[in-house]
2 protein chains.
Amino acid sequence: MSLPHAILTALLEKPSSGLELTRRFDKSIGFFWAATHQQIYRELGKLEQSGLIRAIPGPPAQGRRKEYEVLPSGREELAAWVARSDEPRALRDPLALRLRAAAMVGVGEGSLGAEVRRHLGLHVAQLDAYRAMETRDFPDGKRDSAEAKLQHLVLQAGIEMERFWTGWLEQVDAVVAELEAEQP
Amino acid sequence: MSLPHAILTALLEKPSSGLELTRRFDKSIGFFWAATHQQIYRELGKLEQSGLIRAIPGPPAQGRRKEYEVLPSGREELAAWVARSDEPRALRDPLALRLRAAAMVGVGEGSLGAEVRRHLGLHVAQLDAYRAMETRDFPDGKRDSAEAKLQHLVLQAGIEMERFWTGWLEQVDAVVAELEAEQP
DNA sequence: CGGAGCATGTAAGCGGTTACATGATTTC
DNA sequence: GAAATCATGTAACCGCTTACATGCTCCG
């Protein structure tokens with residue numbers, strides 16, 4: 001039940017249309033809870049029906065775009081959710097699985113090494129993106145407001161997570177390259 | 001499509017019954033791809049029907065337990081899967097989401113801090129478990145065989161992942177405690 | 001006015017989760 | 001021989017993914 005609350009949070013930060021939300025998910029909240037536009041539209045419909053958000057009546061028909069904003073009951077629901085507790089989600093990583101499988105059937109003909117380096121590239125790019133966001137959005141380290149501190153922490157989780165992946169994938173690359181050399 | 005291949009890997013490591021597999025998933029492979037016994041039984045049925053594994057005929061009826069083993073076609077399928085490529089899965093973390101939500105609606109009355117520390121405890125426990133596995137299964141650092149090296153890498157991913165979580169959650173705890181003190 | 005793309009949706013299918021069912025084995 | 005537990009399943013649901021559909025707007 002996280003998606004509706006992710007949307008409520010995003011709408012509190014800034015009222016938006018469905019497409020705007022989709023864009024913003026792609027570049028910030030979505031890093032910790034991805035969602036496609038189909039999910040978002042469906043969820044917006046449900047949230048509106050539940051009376052937690054509403055379409056802003058404002059400009060009568062600026063195209064077909066509907067802007068949504070959070071109602072007081074929506075804010076209450078979100079505050080209640082923040083206080084709830086939840087088990088951490090089990091992580092799912094096919095690449096780690098592939099390595100264990102490779103331990104049983106052997107590393108292929110270079111394809112596994114290539115895949116490892118491809119992933120490494122993706123994580124390096126993501127790490128750079130996060131770092132750019134950090135210098136842009138949180139320039140003065142210690143003087144952040146309460147809200148900014150929390151948002152900064154979330155971004156730091158992204159940064160340290162990607163640092164972990166890149167470091168680990170470099171080790172993996174070294175070992176896989178060695179094994180590929182041994183058994184051709 | 002990772003679950004069937006996770007099962008093939010586990011069965012190659014050691015032929016097992018459904019329940020045994022469930023147990024082993026809980027304490028090793030499952031760390032990177034969790035599965036319940038219902039999923040496992042369903043998947044075993046599919047894999048047997050596809051001719052990738054078979055129930056070992058051996059001891060006629062030792063209780064009702066069925067032991068499965070991987071057939072040559074199953075090994076081939078797994079090798080082909082190892083060579084395939086795949087996008088990294090988007091991570092999903094409700095706790096990070098909660099922090100962002102808390103940035104908008106405020107940290108509750110200590111419940112968020114308690115939740116953070118609860119998660120911290122869980123990750124510390126997991127980290128200890130991984131470390132125990134490492135000293136038990138990989139005592140002599142550099143002299144591992146090819147298979148052992150790959151398996152060790154996967155375990156190290158688990159260790160570094162948990163190290164990341166515990167480090168980050170400690171930071172989070174400090175900030176949340178501070179904010180809870182400010183706004184009662 | 002015609003084509004490109006923007007914006008909002010609908011429908012089908014799949015994998016995973018939760019709840020329930022059934023027989024067989026062990027324990028008291 | 002009754003209760004508890006082990007072992008293997010079945011069924012229903014729910015969220016996410018993929019593919020497709022529809023209307024609107026902008027631009028040449």
Side-chain angles (χ1 to χ4, degrees), chain A residues 1-8 10-11 15-26 29-50 53-56 58-68 81 86-94 97, chain B residues 1-8 10-11 15-26 29-50 53-56 58-68 81 86-94 97:
Chain A
M1 298 298 297
S2 291
L3 180 56
H5 301 98
I7 291 179
L8 285 174
L11 285 181
S16 305
S17 68
L19 191 68
E20 266 180 280
L21 269 183
T22 304
R23 298 267 155 75
R24 291 174 51 207
F25 261 71
D26 282 346
I29 303 200
F31 293 142
F32 295 93
W33 203 275
T36 62
H37 76 273
Q38 292 92 334
Q39 284 176 274
I40 288 173
Y41 284 121
R42 197 146 33 89
E43 206 60 48
L44 283 172
K46 285 189 203 169
L47 287 169
E48 188 177 24
Q49 265 201 315
S50 314
I53 65 175
R54 67 161 186 176
I56 301 176
Q62 169 233 12
R64 285 274 289 115
R65 299 170 61 160
K66 275 193 264 182
E67 292 254 316
Y68 291 94
W81 180 75
D86 222 349
E87 295 319 298
R89 292 175 61 87
L91 101 119
R92 305 222 137 150
D93 184 62
L97 235 48
Chain B
M1 299 299 296
S2 291
L3 179 57
H5 301 99
I7 291 180
L8 286 174
L11 286 182
S16 304
S17 68
L19 191 68
E20 266 180 281
L21 269 183
T22 305
R23 298 266 156 76
R24 291 174 52 207
F25 261 71
D26 283 345
I29 303 203
F31 292 143
F32 295 93
W33 203 276
T36 62
H37 77 274
Q38 292 91 332
Q39 285 176 273
I40 287 173
Y41 284 120
R42 198 146 35 87
E43 206 60 48
L44 283 173
K46 284 189 204 169
L47 287 169
E48 188 177 22
Q49 264 201 317
S50 314
I53 65 174
R54 67 162 187 175
I56 301 176
Q62 170 232 12
R64 285 275 290 115
R65 299 171 62 160
K66 274 192 264 180
E67 292 254 316
Y68 290 96
W81 179 76
D86 223 349
E87 295 319 299
R89 291 176 64 86
L91 101 121
R92 305 223 136 148
D93 184 62
L97 234 49

Query raised in the report: Considering only heavy atoms from C-beta outward, does the side chain of B:R24 approach that of B:S16 to under 4.5 Å?
Result: yes
Query raised in the report: Can you find a pair of side-chain heavy atoms, one from A:L47 and one from A:L11, that are under 4.5 Å apart?
Result: no
Report summary line: Between A:S17 and B:A34, the residue closer to the 5' end of DNA chain C by nearest nucleotide is A:S17
Please tell me which of the listed nucleotides, [options], lies nearest to the side chain of [X]?
X	options	answer
B:K66	C:dG15, C:dG9, D:dG9	D:dG9
B:Y41	D:dA7, C:dT8, D:dC16	D:dA7
A:Q39	C:dT8, D:dC16, C:dG9	D:dC16
A:Q38	C:dG16, D:dA7, D:dA19	D:dA19
B:T36	C:dA7, C:dG15, C:dT17	C:dT17
B:K46	C:dG9, C:dG15, D:dT17	C:dG15
B:R23	D:dG15, C:dG9, D:dA7	D:dA7

Round to the nearest Å and state the distance from [X] atom [atom1] to [N] atom [atom2].
X	N	atom1	atom2	value
A:H37	C:dA7	NE2	C1'	9 Å
B:L3	C:dC14	CG	C1'	13 Å
A:I40	C:dT10	CD1	P	15 Å
B:E20	D:dC6	CD	P	14 Å
A:E67	C:dT8	CD	C1'	14 Å
B:L19	C:dG23	CG	C1'	15 Å
A:L21	C:dT8	CG	C1'	13 Å
A:R92	C:dT17	CZ	C1'	10 Å

Which pair of non-hydrogen atoms, one from [X] and one from [Y], has the smallest distance, and what is that distance?
X	Y	answer
B:F25	B:A10	CE1-CB, 4.3 Å
B:R89	A:P94	CD-CD, 3.7 Å
B:W81	B:M1	NE1-O, 4.0 Å
B:F31	B:D26	CE2-O, 3.7 Å
A:G18	A:L44	CA-CD1, 3.8 Å

Query raised in the report: Can you tell me if the side-chain N/O atoms of B:R42 get under 4.0 Å from OP1 or OP2 in C:dG15?
Result: no
Query raised in the report: Is there a side-chain polar atom (N or O) of A:W33 under 4.0 Å from OP1 or OP2 of D:dG15?
Result: no
Query raised in the report: If you measure only the distance, is there a donor-acceptor pair under 3.5 Å linking the side chains of B:S2 and A:R92?
Result: no
Report summary line: Rounded to 10°, the angle between the first-five-pair and last-five-pair axes of the helix from C:dC1-D:dG28 to C:dC28-D:dG1 is 10°
